[in-house]
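For reference, the structure discussed in these notes is given below.
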Amino acid sequence: MINVPKGTKDILPSESYKWQFIEQTARDVAKAFNVSEIRTPTFEHTEVFSRGVGESTDIVNKEMYTFNDKGGRSITLKPEGTAGVARAFVENGLVSSALPVKVYYLTQCFRYERPQAGRLREFHQFGIEMLGSNAPNIDAETILLAKTLLDKLGVTGYTLYINSIGCKECRAKYHAALKEYLSENLDKLCNLCKDRYVKNPMRILDCKNPDCKEITKGAPKILDYICDDCKNHFEKVKSLLTIAGVPFEVDAGIVRGLDYYTKTVFEFVSNNIGAQGTICGGGRYDGLISQLGGADVPGVGFALGIERLLLLMENIGVDIPNFNKVKLYLAPMGDSESEKAFELATALRTQGIICEFDHMNRGIKAQFKYADKIGAKFVGVIGSSELEKGVIKLKEMATGIETEVAFNDLIEFAVNN
Ligand code: HAM
């Protein structure tokens, strides 16, 4: 037997309805916020991510699926959605379209990570990117969109943490202060953090190594170093969230694992799904578009991990509706009845009614058993007397109530029940 590669999963028919429900709800919420879909390629030139996500990140250093294609180009399977969207924005000249450009995506992502609950090598994101506006409104709107989706899905039991990591200028001052603070204990930092100390010291605050955690406990806080412009921006985002009734906590420890962030950063974190508790993360990235060769266009967005979201929904007992269940199972009792069932099923399906009938030559008892197994709402028996009278004998499986409906009225019955 050949197994799936480590860190990947099949989504089987018995669970795909959950994905469809989440995806449809996400699409509906995006639509209400006037956000349109964008689809970018599954793979990009490696440079999109090395320049976009950043050379100092775990993603670029350790986790990318990178290979040379047959033409000798370095290609990478997308580890996240933002850099590809930014590349598409620049390449397609969207800067001259009506700004802000508001897009969403539902996409696979690939990261070579150590698999565990909620952490896969192929996973799925619902992401939002709002490009072209500096206004704090759009940061708040982005966060509100994520919260609206979680509310619509019935998700509870998470905390929204927000922070501001400032702009290039104030970050430089902060990095200097942080480096000075860390310099005494530099030799005690893990090897990765020694590297981060040089490339992006703020990332040290996000290290899970217990020694590094201990050392950073009393470190200076970014919020004490941000400039007036960043401070005002952050204050406005917070007040808009408060107006919108979105509860949040300010956490100076939220620094995010990707290099492109500026100003607002945020994470929705749950304690109900184990160590990988961040279900959604995002923030502002005002330098990314120019970093990829575009104009000086700001952006803000988030991505929500669908596997983690599902894990949380299952753990807190959200009942996910299955809209794919069979409405009517037709149970013919012989060959001529079978032909009638085929004819009726075709008419019902043309009207979009989910309908099934016997394909296995089962006896009537076995057909009922099968109909029950697939969760059919009604079973319609067609025997020789029904065929003669032009009716179908319907049984509602949940209640056992039986009704007779004329063949000609079957569509109307199925639509109304
Ligand atoms: P990220 O924090 O790297 O941000 O990922 C966003 C979400 O994707 C995480 O919160 C998590 O739910 C999910 N995720 C990440 N890695 C894995 C994994 N290995 N297995 C399962 N789920 C995972 C980004 O990707 C940014 N592009 C978000 C963004 C959009 N920022 C601005 N715009």
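Counting starts at 1 for both ligands and their atoms, following the listed order. Quick note: residue numbers are just sequence positions, from 1.
- When only modelled atom types and interatomic distance are considered, Tyr285 and Thr82 share no side-chain donor-acceptor pair under 3.5 Å.
- A side chain to side chain donor-acceptor pair (under 3.5 Å) with Arg284 is found for exactly one of Thr264, Asp139, Thr262, namely Asp139.
- To the nearest 0.5 Å, atoms SG (Cys227) and CZ (Arg171) are separated by 11.0 Å.
- Checking only distances, Ile279 does come within under 3.5 Å of ligand 1, N or O to N or O.
- In terms of the salt bridge (Lys or Arg N to Asp or Glu O under 4.0 Å) criterion, residue partners of Asp206 (sequence neighbours excluded) are, by chain and number, Arg203, Lys208.
- In terms of polar-atom proximity, defined here as any N/O pair under 3.5 Å, Leu120 does make such a contact with ligand 1.
- Other residues, nucleotides and ligands place no more than 12 heavy atoms under 6.0 Å from the NZ atom of Lys236.
- When non-hydrogen atoms are compared, ligand 1 lies under 4.0 Å from the side chain of Glu129 (C-beta onward) but not from its backbone.
- For Glu339, there are no side-chain contact (heavy atoms from CB on, under 4.5 Å) partners, not counting sequence neighbours.
- By the criterion of a heavy-atom distance under 4.0 Å, both the backbone and the side chain of Arg119 are placed next to ligand 1.
- Under a 4.0 angstrom heavy-atom cut-off, Glu307 registers as lying outside contact with ligand 1.
- In terms of N/O distances under 3.5 Å, ligand 1 is approached by Gly305.
- The distance criterion of under 3.5 Å between nitrogen or oxygen atoms is not met by Tyr285 with respect to ligand 1.
- Of all the heavy atoms of Leu309, none lies under 4.0 Å from any atom of ligand 1, so neither backbone nor side chain is involved.
- Closest to atom 26 (C) of ligand 1 by heavy atom, among Tyr260, Phe302, Phe266, is Tyr260.
- If you look at Cys280 next to ligand 1, the close heavy atoms, those under 4.0 Å, all belong to the backbone.
- Atoms of ligand 1 found under 4.0 Å from any heavy atom of Tyr261, numbered from 1 in the order shown, are 26 (C), 28 (C), 29 (C), 31 (N), 32 (C).
- Within the 4.0 Å heavy-atom criterion, neither part of Glu267 lies near ligand 1.
- Across Gly52, Gly301, Gly127, Ser270, heavy-atom proximity to atom 32 (C) of ligand 1 is greatest for Gly301.
- With distances taken over non-hydrogen atoms, the option nearest atom 23 (C) of ligand 1 out of Phe123, Phe110, Tyr105 is Phe123.
- A ring-centre distance under 6.0 Å is not found for Phe268 and Phe302.
- Using 4.0 Å as the threshold, Arg121 has no heavy atom nearer than that to any atom of ligand 1.
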Item to complete: Would you check, one step at a time, whether the test side chain to side chain donor-acceptor pair (under 3.5 Å) holds for Asn322 with Lys325?
Response: CA-CA 6 Å; Asn322 184 351; Lys325 278 210 179 135; over 6 Å; no
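- Of the candidates His124, Arg111, Glu80, Arg111 brings a heavy atom nearest to atom 3 (O) of ligand 1.
- Within the 6.0 Å centre-distance limit, the rings of Tyr370 and Tyr329 are counted as a close aromatic pair.
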